[in-house]
Amino acid sequence: MDLNRDGIVDILSGSYSRMEESMAGLFQVLYGVEGGGFRKPTPVLGTDEEPLIIQVAGEAEDVDVRKICTRPTAADLDGDGLLDIVTGNFGGSFAVFWGTNEGFDPVSVMLKGSDGKELTVHHHSDPVLVDWDADGDLDLVTGSGFGGVSMFPNIGTKTEARFGDNVVLVPTPEAASNGVTVFGDEHIKAPGSSTRVEVADLNGDGKLDLLLGDSAQLSFPAKGLTEEECLERCAAWDKEASAVYETSPDIADWENMTPEESEAQEAFNEKIQALYQKRSEFIEERGTGYVWALLQK
Amino acid sequence: METHLLPLSAVTVLAAGALPVSPGEDGVQAAVLEAPEFAEPVLMLSAGTPVSTEAPGYASPAWYDVDGDGRSDLVVGQFKDGKMRVYHQTEDGTLGEGSWLMAEGEVAEVPGVW
């Protein structure tokens with residue numbers, strides 16, 4: 001997308017949180033430079049010269065769940081010839097910052113369905129705007145924290161988008177392991193959770209395909225252990241963990257803990273830390289993310 | 001961090017067949033939206049190895065001609081350090097080895113992730 005309209009493509013990114021003042025995630029743009037390459041990321045500003053932050057008029061400012069984990073896409077949603085920014089968030093809804101001749105309106109608006117309710121998916125919405133049904137207007141395709149891909153068809157017009165019911169393009173995957181440890185990555189046959197979507201005709205057959213990024217958890221026995229030995233230690237650790245968690249202190253008010261409660265919580269945290277240190281001695285666990293192609297038949 | 005879940009709005013799962021769609025106000029809405037059917041998911045490979053991110057994961061792909069050679073390339077954002085990896089598409093349609101996206105001579109890192 002060419003955010004500054006200089007004829008050179010830019011990269012637009014969201015972010016988890018700016019980690020100051022509030023948990024709000026900002027929007028960062030890497031402007032493309034003539035001859036190739038990009039500038040360093042810089043926050044996208046509104047017409048008020050302040051960084052854009054999801055904020056709905058009349059809504060309390062401390063609703064972080066709607067401001068963090070932003071994932072933007074830029075497209076002309078209202079057909080005025082100017083790019084708008086549509087973003088997802090941790091809560092799973094969709095906000096739009098309308099583009100004007102002076103820049104982006106700093107007050108965002110939540111996208112709603114034909115029933116008047118906000119469009120939502122399971123947490124962490126991930127919007128891409130594309131004419132999925134080839135009717136001339138932009139539809140909203142999105143991943144979610146639970147995985148899968150949804151599409152909200154635009155049942156309005158090019159200049160006044162209205163979105164219909166959630167159409168599932170890729171179902172949410174079933175829980176991968178049901179608590180059973182599976183080693184390695186051979187069992188991973190399909191996209192997992194936290195899907196991030198790109199839509200493109202990957203094989204040139206004229207049909208739109210999906211590129212899905214995901215999040216996957218991998219487990220391996222620690223060096224020197226067989227899988228069987230590792231599983232035995234996992235079972236023993238599970239019992240120990242259950243016993244430790246049963247000692248969790250009962251905190252009445254997390255914002256105003258008494259000195260005794262703080263001391264108890266600190267001791268509990270140390271026990272948890274020791275517990276997971278012990279686990280890391282017999283099993284290696286790490287997250288990764290894969291990219292999958294789903295070609296439309 | 002506490003996980004917040006919002007209720008899912010009305011969901012329609014497409015099965016075999018077609019999904020009726022009301023005509024749009026512009027009159028150009030397709031009368032019937034064909035049910036999408038996809039082939040089995042295939043891992044994207046880079047030089048024969050699955051494209052993957054550093055821990056903790058969260059791959060975010062984009063498909064765009066980064067190098068201007070007329071072929072779309074794969075750009076994958078990740079959570080760790082907010083970095084992006086570029087996999088250039090070769091003449092035979094495969095993806096080459098990845099390299100970090102650079103900005104002003106340094107590895108580009110989007111602030112706000114860690």
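Atom set for the values below is all heavy atoms of this structure, side chains included, hydrogens, waters and symmetry mates excluded. Per chain, numbering begins at 1; letters A, B, ... match sequence-line order.
- With values rounded to the nearest 0.5 angstrom, A:F152 atom CZ is found 15.0 Å from A:R162 atom CZ.
- Of the listed residues (B:D67, B:V66, B:T53, B:V75), the greatest number of heavy-atom pairs within a distance under 4.5 Å of chain A belongs to B:T53.
- Interface remark: A:K40 contributes backbone and side-chain atoms alike to the contact with chain B (heavy atom separation under 4.5 Å).
- Between the A:T195 side chain and the A:S144 main chain, a donor and an acceptor come within less than 3.5 Å of each other.
- Taking the ring centroids of A:H124 and A:F146, they lie at or beyond the 6.0 Å cut-off.
- Under the 30°/60° scheme for interplanar angles, the aromatic rings of A:F90 and A:H123 are found to be tilted.
- The two residues A:F27 and A:T87 make their nearest non-hydrogen contact at CE2-OG1, 3.2 Å.
- For B:T90, the side chain to side chain contact (heavy atoms under 4.5 Å, CB included) test picks out B:D92, B:T94, with sequence neighbours left out.
- Heavy-atom contacts from other residues, nucleotides or ligands closer than 6.0 Å to NZ of B:K83 number more than 12.
- A heavy-atom distance below 4.5 Å is found between the side chains of A:V291 and A:L211.
- For B:L45, no part lies under 4.5 angstrom from a heavy atom of chain A.
- Both the backbone and the side chain of B:V51 come within contact range of chain A, each with at least one heavy atom under 4.5 Å from a heavy atom of that chain.
- Note: A:L202 leads A:L202, A:T42, A:L26 in heavy-atom pairs under 4.5 Å with chain B.
- Contact annotation for B:Q78: neither backbone nor side-chain heavy atoms come within less than 4.5 Å of a heavy atom of chain A.
- If you measure heavy-atom distances from A:S13 to chain B, the contacts under 4.5 Å come from the side chain alone.
- In terms of heavy-atom pairs under 4.5 Å with chain A, the best-connected choice from B:A55, B:A62, B:G77, B:P56 is B:P56.
- Looking only at heavy-atom pairs under 4.5 Å with chain A, the residue among B:P41, B:P50, B:A39 that has the most is B:P41.
- Only the side chain of B:E106 comes within less than 4.5 Å of a heavy atom of chain A; its backbone N, CA, C and O stay farther away.
- In this structure, chain B has a heavy atom under 4.5 Å from the side chain of A:I11, while its backbone stays farther away.
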